[in-house]
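Working notes, structure below.
Keep in mind that what you see is a predicted model, and the values were worked out from it rather than measured. Throughout, a chain's letter reflects where its sequence line sits, starting with A, and its residues are numbered from 1.
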Number of protein chains: 2
Amino acid sequence: MNDSDLQSPSSLRRALRLLRVLAAGDPAGLRLKDIAEAADCSQPTAHRMLQDLAAEGFAEQAAGKRYRLALDFYVLAARAGQASGLREAARPALLRLSATLSDTIFLLVRNGFDAVCLDRVEGPFPIRSFTGDIGGKVPLGLGQGSLAILANLPEDEQEAVIRFNIPRLLDRGFLDEASLRSALAQARAQGWVNTSTGLIPGMAGVGVPVLDTQARAVAALSVGTLAERLNADRLPHVVKILQGEAQALAGKLNPFDVALRYPSRSLSTIGN
Amino acid sequence: MNDSDLQSPSSLRRALRLLRVLAAGDPAGLRLKDIAEAADCSQPTAHRMLQDLAAEGFAEQAAGKRYRLALDFYVLAARAGQASGLREAARPALLRLSATLSDTIFLLVRNGFDAVCLDRVEGPFPIRSFTGDIGGKVPLGLGQGSLAILANLPEDEQEAVIRFNIPRLLDRGFLDEASLRSALAQARAQGWVNTSTGLIPGMAGVGVPVLDTQARAVAALSVGTLAERLNADRLPHVVKILQGEAQALAGKLNPFDVALRYPSRSLSTIGN
DNA sequence: AGAAAGATTCCGGTATATGGATTATTAGAC
DNA sequence: GTCTAATAATCCATATACCGGAATCTTTCT
């Protein structure tokens, strides 16, 4: 069930898991003993690795000897996932949208079977969303932006994702396969997704895909707001503005970059 | 002079340097051969390490076998308690400032002998800055925000930083020690830094420190704009608004968090 | 299609990571 | 403030798993 390949992972992989432990733990820092335990390695080993991590600027020791991720880690991370410069390119659009619509705007990208929130600009209204904050993940198909991406993948990939995600969607209590497929058909036909499937009570949103030159979705822009703020009067306006930005954004993207295909790593990490 | 500690760094440290190489290189990915060369290790070694990095979700192989940092890395960092929550806490202030002033706003923090750009909100005018994008570093003392931080460090630390940074500043062609010290004195006296030292032609800026409860700088907010947009009329206004946000931000910070002290890693990584 | 450059795999020698035991340090109790 | 239990750091012999040259497979360029 789990991935622990029978032969112990390389020392490097164990060290990287240490980083995961640190990332998952209290931002104020974790005690060596707990780290060693969580990472399932001896205390001296954890210590030595943490020393190395600290020496390279990835970790640091806070007061009380607690270890935590250091700034360099965040600095490097800011450079990750920048392949298409998407976040950079989209930032102005997000700000404009948020300013124009006075709502919370999300930038989502596909990653494997998930949509990941790459950036988010807060509006004045408190919002509940699936993706949550930057870095949040949802199965493709759940939520407006996520659905907009899934609806605009090449057919074979879409099929694979659907097959894989159906149980995950059911787990979260939404959408049987039939309604998912009809929602996808509608999304592709009209070019955007609204909140017709009613997901979080009182919340509503619109998602539009950002398409590459071959009309495949590489990302999505979406608005999350209160249901009452997306009435029949306002909806078309919101859709139009979103589509305009999505199109402009598509034009700015490096056409060389293609959507990430299935990640090679094992599927067992999906649960993270 | 240089660090090559005579005993070769541990394999973990070498692997972490690989990550740095990836972060520094083309976001579209680097070829194995170039990575191996940049990291100064054999091709098979680089290959093996990259495989492990990929297996743990820190790197990935894009089309053309190119290796680059993976999105999971970003996700991991985003989900981890943002370094001291500063970025989170400051985001609204940055957005407000950018909206109010119509200029580019920077959030800088101290890290060792550098100021690091933690966040940045673009204004409508194209800006050249030392820190550049998120994650960019400058020696403490170079640039308005960076100077504002240095000016408000405890005396002993400030002295250590000055001593260390003088040659680095000279390298970049700016500021002899005397003018640095006088700029620091002025900065501390008036509580903000303007562009009096004339750094990038046509550019101007204002930086104010974000102080902790002991009046030590933990960060700085700064504005970068065109020189013509910071005339005598507007300057006081900008300073006042910046200071207001900096003060409000200081109030929101967890008083438990203290400025990062000197990182334990060797000084030789400064050149990065 | 051919050739050259690059990526991946293989494998033996050896450097190096490992964890138990030891010492040093910290945190908590009184 | 002192003592004690718990955690962190260090040491060291051992065996492991890392390393890089050479061979093979793959891609990219002419």
Side-chain angles (χ1 to χ4, degrees), chain A residues 4-19 21-22 25-26 28-56 58-70 256-258 261 263-266, chain B residues 4-19 21-22 25-26 28-56 58-70 256 258 261-266:
Chain A
S4 57
D5 307 321
L6 286 145
Q7 51 227 17
S8 63
S10 72
S11 73
L12 172 52
R13 290 187 62 171
R14 257 171 294 161
L16 293 172
R17 294 201 176 162
L18 238 51
L19 283 177
V21 169
L22 290 181
D26 188 328
L30 279 68
R31 299 185 317 177
L32 175 62
K33 191 199 174 198
D34 299 327
I35 297 171
E37 189 173 334
D40 190 38
C41 64
S42 76
Q43 219 159 296
T45 297
H47 180 257
R48 205 163 5 82
M49 285 175 167
L50 286 166
Q51 291 300 328
D52 284 343
L53 289 169
E56 289 295 331
F58 283 73
E60 67 186 359
Q61 268 184 297
K65 301 287 183 182
R66 284 187 166 78
Y67 291 92
R68 64 182 178 194
L69 295 177
F256 178 73
D257 284 308
V258 295
R261 298 190 67 95
S264 58
R265 67 204 171 84
S266 86
Chain B
S4 51
D5 305 322
L6 287 140
Q7 50 229 18
S8 60
S10 71
S11 74
L12 172 54
R13 291 187 61 172
R14 258 170 293 161
L16 294 173
R17 295 199 176 163
L18 238 51
L19 283 177
V21 170
L22 291 181
D26 189 329
L30 279 68
R31 299 185 317 179
L32 175 61
K33 190 201 173 196
D34 299 327
I35 297 171
E37 189 173 335
D40 191 37
C41 64
S42 77
Q43 218 160 296
T45 296
H47 180 257
R48 206 162 3 83
M49 284 174 168
L50 286 166
Q51 292 300 330
D52 285 343
L53 290 170
E56 288 296 331
F58 285 79
E60 68 187 0
Q61 262 183 304
K65 304 286 184 181
R66 284 188 166 77
Y67 291 91
R68 64 186 178 192
L69 295 179
F256 179 71
V258 294
R261 299 191 66 94
Y262 310 108
S264 59
R265 68 202 170 88
S266 85

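The phosphate of C:dT18 has OP1 or OP2 within less than 4.0 Å of a side-chain N or O from A:Arg14. Under 4.0 angstrom from either OP1 or OP2 of D:dA9 there lies at least one side-chain N or O belonging to A:Gln61. Remark: B:Tyr67 is in phosphate contact with C:dT8, judged by side-chain N or O atoms under 4.0 Å from OP1 or OP2. For B:Gln43 and D:dA23, the shortest distance from a side-chain N or O to OP1 or OP2 is not below 4.0 Å. The phosphate of C:dG6 (OP1 or OP2) has a side-chain N or O of B:Lys33 nearer than 4.0 angstrom. Residue A:Thr45 has a polar side-chain atom (N or O) positioned under 4.0 Å from OP1 or OP2 of C:dG19. When the side-chain nitrogen and oxygen atoms of B:His47 are compared with OP1 and OP2 of C:dA7, none of them lie within a distance under 4.0 Å.
When rounded to the nearest whole Å, the span between CD of B:Gln51 and P of C:dT9 equals 7 Å. Look at CG on A:Leu50: it is 10 Å from P on D:dA8, rounded to the nearest Å. Atom P of nucleotide C:dA17 and atom CE of A:Met49 are separated by 9 Å, given to the nearest angstrom. Residue A:Leu18 contributes atom CG, which lies 14 Å from atom C1' of C:dA17 at whole-angstrom precision. Between the CD1 atom of A:Ile35 and the C1' atom of D:dA9 there is a distance of 14 Å, rounded to whole Å. Rounded to whole Å, atom P of D:dC29 lies 15 Å from atom NZ of B:Lys65. Here the P atom of nucleotide D:dT26 and the CG atom of B:Leu32 are 16 Å apart, to the nearest Å. One can place CG of A:Asp52 at 12 Å from P of D:dT10, the figure rounded to the nearest angstrom.
Between atom CG of residue A:Leu30 and atom CD of residue A:Glu37 there is a gap of 11.0 Å, rounded to the nearest 0.5 Å. Rounding to the nearest 0.5 Å gives a distance of 11.0 Å between CG of A:Leu18 and CG of A:Asp40.
Ranked by how close their nearest DNA chain C nucleotide is to the 5' end, B:Arg48 and B:Asp34 are led by B:Asp34. Where A:Pro44 and A:Leu12 each meet DNA chain D at their nearest nucleotide, the meeting point lying more 5' is that of A:Pro44. Comparing A:Ser11 and A:Arg66 against DNA chain C, the residue whose closest nucleotide sits nearer the 5' end is A:Ser11.
A:Arg66 places a side-chain heavy atom less than 4.5 Å from the side chain of A:Arg31.
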Using the side-chain contact (heavy atoms from CB on, under 4.5 Å) rule, take B:Lys65 and B:Leu32 through it: C-alpha gap first, then chi angles, then the decisive distance, then the call.
CA-CA 8 Å; B:Lys65 304 286 184 181; B:Leu32 175 61; over 6 Å; no
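Side chains of B:His47 and B:Gln43: a donor-acceptor N/O pair is absent below 3.5 angstrom, by distance only.
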